[in-house]
**Q** 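Questions regarding the structure given below will be posed in turn.
Labels below follow one simple rule: chain letters A, B, ... track the order of the sequence lines, proteins then strands, and each chain is numbered from 1. Both backbone and side-chain heavy atoms feed into the values below; hydrogens, waters and symmetry mates do not.
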Amino acid sequence: MPELPEISLFKDYLNATSLNKKITAIEFLHTGSLQSPKEEFIKAFKGKKFKNGIRLGKYLLIETTGDKALVMHFGMTGKIEYYKNQDPPKYSRVVFSFEDNDHLAYLSQRKLGKLFIAEGLEDFRESQELGKDALELTEKEFLELLEDKTGSIKGVLTDQHVLAGIGNLYSDEMLYQSKIHPKTKTNAISEKDKKQLFKQMKKVLEKAIEKEGVREDFPNSYLIKHRKGGKDCPACKGKIKQIKVSGRSTYFCPSCQKEEK
DNA sequence: CCCCATGTTGTAGG
DNA sequence: TCCTACAACATGGG
């Protein structure tokens, strides 16, 4: 699930369920995601409370009553699940148990997610060399970021070091909504189109948060509902095409999104 | 069996 | 330096 909109939902979910309760135990069903030894996690978080979840690109940073923050990354298939009185959900890798006997599980089916211990928000941002969050960017900053880039626009949008939060699914969507071919060289895009892309970037991310990432609930004019090679483009009745851009499967409409070089 | 999947990272080459 | 292609990680679904 996890690009910026999904992490935003995880953040709200965490803040609604798991704050201000003492963590009485941390159980590790699989340690592959840990970026520090598990003893360090126990030392940093056992006996502490989660105070506040903050989204940072595709990362969820959780401030605690201790002096360390817990950071979750979800890879391609991760999520969190709050539960009580039952076995951990399938694919649970780490389980935090609270003083009221409820639990928060960190799940990662494909084990591509990561858990970090961080000093704080800025510190973590720097250590990961993360770009500014896509939802916090101003138009001016966005235009400046694209300024000197020669690579494909899709590659730039999904480069977390340039701007943080956009992945494969939603980059295709905002390019489709902006009628820009994903392979277009970034510095070949007109000022007008870049401003349009900025607008669509915000709109698409906000719409996805509003719809809670549920594909079926998006407007029919969204590519996400037709994201498969050979399907009809909702705007022009052409066929959606699949290609590879920046190593990722990319879907677009060849007649709406003309390739300009 | 094959290919595909909302991510990241390291390597090799132009 | 910057960019692209590709493999690797690990697992499940069609």
**Q** In whole angstrom, give the distance that lies between atom CD1 of A/Ile166 and atom C1' of B/dT8.
**A**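 Rounding to the nearest Å, CD1 of A/Ile166 and C1' of B/dT8 are 16 Å apart.
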
**Q** Quick check for you: among C/dC9, B/dT8, B/dT9, whose closest atom lies nearest to any side-chain atom of A/Gln160?
**A**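 The nucleotide sitting nearest to the side chain is B/dT8.
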
**Q** For atom NZ of A/Lys239, is the number of surrounding heavy atoms from other residues, nucleotides or ligands below 6.0 Å larger than 12?
**A** yes

**Q** Looking only at side-chain N and O atoms, does A/Lys244 come under 4.0 Å of OP1 or OP2 in C/dA5?
**A**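 The answer is no; no side-chain N or O of A/Lys244 sits under 4.0 Å from OP1 or OP2.
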
**Q** Is any side-chain N or O of A/Tyr59 closer than 4.0 Å to OP1 or OP2 of B/dG7?
**A** no

**Q** Would you indicate, yes or no, if B/dA5 has its OP1 or OP2 atom less than 4.0 angstrom from a side-chain nitrogen or oxygen of A/Gln242?
**A** yes

**Q** Any side-chain N or O of A/Lys114 less than 4.0 Å from the OP1 or OP2 oxygen of B/dG7?
**A**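 Indeed not, no polar side-chain atom of A/Lys114 lies that close.
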
**Q** Does the side chain of A/Tyr59 pick up a donor-acceptor pair with the side chain of A/Gln160 at under 3.5 Å?
**A** no

**Q** Would you mind telling me which of C/dC3, B/dG7, B/dT9 lies closest to the side-chain atoms of A/Thr150?
**A**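 Ranking C/dC3, B/dG7, B/dT9 by closest atom to the A/Thr150 side chain puts C/dC3 first.
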
**Q** Verify the contact: side-chain N or O of A/Tyr91 to OP1 or OP2 of C/dG12, cut-off strictly under 4.0 Å; return yes or no.
**A**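 So the side-chain polar atoms of A/Tyr91 do come within 4.0 Å of the phosphate oxygens OP1 or OP2 of C/dG12, strictly under.
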
**Q** Can you check whether A/Arg248 has a side-chain N or O nearer than 4.0 Å to OP1 or OP2 of B/dT6?
**A**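 A/Arg248 to B/dT6 OP1/OP2: side-chain N or O found under 4.0 Å.
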
**Q** Can you tell me if A/His73 touches the phosphate of B/dG7, counting only side-chain N or O atoms and a distance under 4.0 Å to OP1 or OP2?
**A**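 A/His73 to B/dG7 OP1/OP2: no side-chain N or O under 4.0 Å.
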
**Q** Nearest whole Å is fine: how far is B/dG7 P from A/Ile7 CD1?
**A** 10 Å

